[in-house]
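Have a look at the structure below, then the notes.
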Amino acid sequence: MILNEGIVHSGEYAGWKIQIVDDTAGETGGYYLILQHGNIECFDYWFEKKSILTIN
């Protein structure tokens, strides 16, 4: 389930789509941060706990 999504406004990934995905009920558990540019999924990072992420 996508918790939040948007567009990166500055820095190295400006213009890229960003999503925070809840996978706590999935195989790996935890949360993913996914960065996309166009139709290519470029990077994902896994976090064990939601408290590590700051969602604005």
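All residue numbers refer to positions in the sequence shown, counting from 1. Just the heavy atoms: all of them, side chains too, but no hydrogens, waters or symmetry mates, feed the values below.
To the nearest 0.5 angstrom, K50 atom NZ is 5.5 Å from L3 atom CG. Separation of atoms OH (Y31) and CH2 (W46) is listed at 11.0 Å; rounding is to 0.5 Å. Taken from CD in E48 to OG1 in T28, the straight-line distance is 11.0 Å, to the nearest 0.5 Å. Atom CG in L33 sits 9.5 Å away from atom CD in Q19 (nearest 0.5 Å).
Between Y13 and W16, the ring planes are perpendicular. Angles over 60° get that label, and only those under 30° would be called parallel.
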- Message: As a quick check of understanding, evaluate side chain to side chain contact (heavy atoms under 4.5 Å, CB included) for L35 and V8, giving each step before the final call.
- Response: CA-CA 9 Å; L35 290 167; V8 178; 4.1 Å; yes
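A chain of hydrophobic side-chain contacts below 4.5 Å, direct or via other Ile, Leu, Val, Met, Phe, Trp or Tyr residues, connects I20 to M1. When the side chains of ILVMFWY residues are joined at heavy-atom separations under 4.5 Å, either directly or via intervening members, V21 and I7 end up in two distinct hydrophobic clusters.
With sequence neighbours excluded, no residue forms a ring pair (Phe, Tyr, Trp, His ring centres under 6.0 Å) with F47.
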